[in-house]
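Working notes, structure below.
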There are 2 protein chains.
Amino acid sequence: MSLRHALLAALSQGEASGYELAKRFDVAVADYWTATPQQLYRDLERLEQDGLVEARVVEQTRRPNKRVFTMTEKGLEELRAFGRRPSKPPAMRDELLVKLQAADRTGEPETLIEAARARLTRSKEKLARYEQLRERLLDGRTEDDYLGDSDEVGPYLTLMAGREYEQLNIRWAQTVIETLTRRRQGPEAG
Amino acid sequence: MSLRHALLAALSQGEASGYELAKRFDVAVADYWTATPQQLYRDLERLEQDGLVEARVVEQTRRPNKRVFTMTEKGLEELRAFGRRPSKPPAMRDELLVKLQAADRTGEPETLIEAARARLTRSKEKLARYEQLRERLLDGRTEDDYLGDSDEVGPYLTLMAGREYEQLNIRWAQTVIETLTRRRQGPEAG
DNA sequence: CCCCTATACTCAACAAATTGAATAGGTGCG
DNA sequence: CGCACCTATTCAATTTGTTGAGTATAGGGG
C-alpha cells in the first residue's frame, strides 16, 4: 500500500481535489509514481477513513463541486515514519523495452520503429512540461542558487530526475530509430 | 496480464527454468520489468496451460530436477501480436523519489541522505553487472559495428537503456547527497 | 556432523491495480 | 441544437502483484 505515501507526498505540496491530483500525477509525478484516477479516489477515501487526510467540499458555480483534501498532522507523521523505513527497490514496467528485447525473433521492425517514434513524441511532450515547471520553480534563479537557498528542494530534485529521465528517453529512442532504420535499409551482413 | 509478454520475450532469448528466469529478471531485465519469483512461476504455469510455452523436466544429478520452458510457435505468434498493439505508457514506482518530494515537510535530511547513498550503491552494482553483460555481447567489437552487423540488436538496445538509466541514477544520487549535505551544514539563508 | 547457502520449486492469503462503465452539469464549435 | 470534450466523481468485476511460509536435495566450511 504505497500509493498512500505518494498521495501524502503530493498533498504535502498543498491541498488538492482528487481530480487535481490526477492531473498532478500525470504532469509532475508520473515519472516516479503511476496511478489511475480510480486508484487515487479509492485511496483518498481510505486515507480519510484513517485520518491521514481531511476533506472539505468546495462549492463551485460554473462546474461540479469538488472535495478538496488536506494532509493532517497524523498524515505528516505517517510520511515521516515512511521516510525512516528502508525503501523498496524501484519497480518499472516498460512494454516498449519488452518488444525490443524480442525484436530479433518477432521480425517486423517497422512496427517497432513506429513504437519508438511514439515514445520519442511522448517524451518530448513530457520534457516540455517539465521545463515549464522548472522555469516556474527557479523563477529567475540559477539551479545552484536554488538548490542552496530555496526552502523547497524536494520537488526540484524529483523534477530533475524526471527531466533527465525524459532526456535519456529521447536520446535512446533516437538511437533505436536510427539503428533499426539503418538495418532495415541495408541488411547486407550475416 | 503483461508479465506474460515479458516472460515470452525473455524466453525468446533461449529456454530457461523458472529459477533461471528469476535470476535473469534480476540481472538483465530488472530495469524495464520487475517481478518476483512467485509471479514468474505462476505465470509460467498459465502460459503452459495456454500453449504459449512448453515445459520439459531436466533430470539433474547434483541438484534438484528443474522444469525448462521453451516458447512455442503459438507463443511467438502472441509476441508478434503484442508487438503490433500500441504500447502502454511506462509505469514506474520509486519510493525514494516519493520521500524526496516530501523532504521539505518531513525534515530529517539524514535519513534521506542515507537512502540516497543506498540508491547510489545499488545503482553502481547494477551498472557493473550491465557492463559485464555488455562486454560479453560486444565480444571485442565496437558498439557501432555491433549495432550494424549483429543479428541480435534487441537485447543490446534494452541493455543500453538500462545502462544509461543506472548512470543517470548515479549522477542524480550524487547531486542529492551533495545538495542535502550542503544544506544541512550551512543553512544560513532564509 | 551441523549449519549455512544455493538450487528449484509450491501453496495460500491478501492487497493493490486495471478495466470498463455510469452519472451529471458546463463550455465551445459549427 | 446537437455533439464532443472538460470537470468531478463513483461503482463493480476482474486481474495482478505481494508476502510469508514451506518442501526437498546438495555442497562447503568449520
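A, B, ... follow the sequence lines: proteins, then strands. Residue 1 opens every chain. Heavy-atom basis, side chains included; hydrogens, waters and symmetry copies ignored.
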Starting from P on dT10(D), measure out to CG on L40(A) and report it in whole angstrom. 12 Å
Establish whether I170(A) and I177(A) are linked, either directly or via other cluster members, by ILVMFWY side-chain heavy-atom contacts under 4.5 Å. yes
Summary of ring-ring contact (aromatic ring centres under 6.0 Å, His included) pairs that have at least one residue in residues 56-91 of chain A, sequence neighbours excluded: H5(A)-F82(A)
Whole Å only: how far is the NZ atom of K88(B) from the P atom of dT18(C)? 8 Å
Atom-pair distance (CD on Q39(A); C1' on dG20(C)), nearest Å: 15 Å
Interatomic distance where CG belongs to L3(A) and P belongs to dG17(D) [whole Å]: 16 Å
Distance below 4.0 Å between R93(A) side-chain N/O and dA17(C) OP1 or OP2: no
If the condition is side chain to side chain donor-acceptor pair (under 3.5 Å), which residues does S123(A) pass it with, not counting sequence neighbours? E166(A)
Separation of atom CZ in R46(A) from atom C1' in dT10(D), rounded to whole Å: 14 Å
Cluster partners of Y41(A), using ILVMFWY side-chain heavy atoms under 4.5 angstrom, listed by chain and number? Y19(A)
For nucleotides 4-11 of chain C, just jot down a letter per nucleotide in 5' to 3' order: B, S or -, based on protein non-hydrogen atoms under 4.0 Å. --SBBBBB
Interatomic distance where CG belongs to L44(B) and C1' belongs to dG17(D) [whole Å]: 15 Å
Side chain to side chain donor-acceptor pair (under 3.5 Å) partners for D104(A), two or more places apart: none
Contacts of type side chain to side chain donor-acceptor pair (under 3.5 Å), residue R84(A), not counting sequence neighbours: E108(B)
dA8(D) C1' sits how many Å from R24(A) CZ, rounded? 16 Å
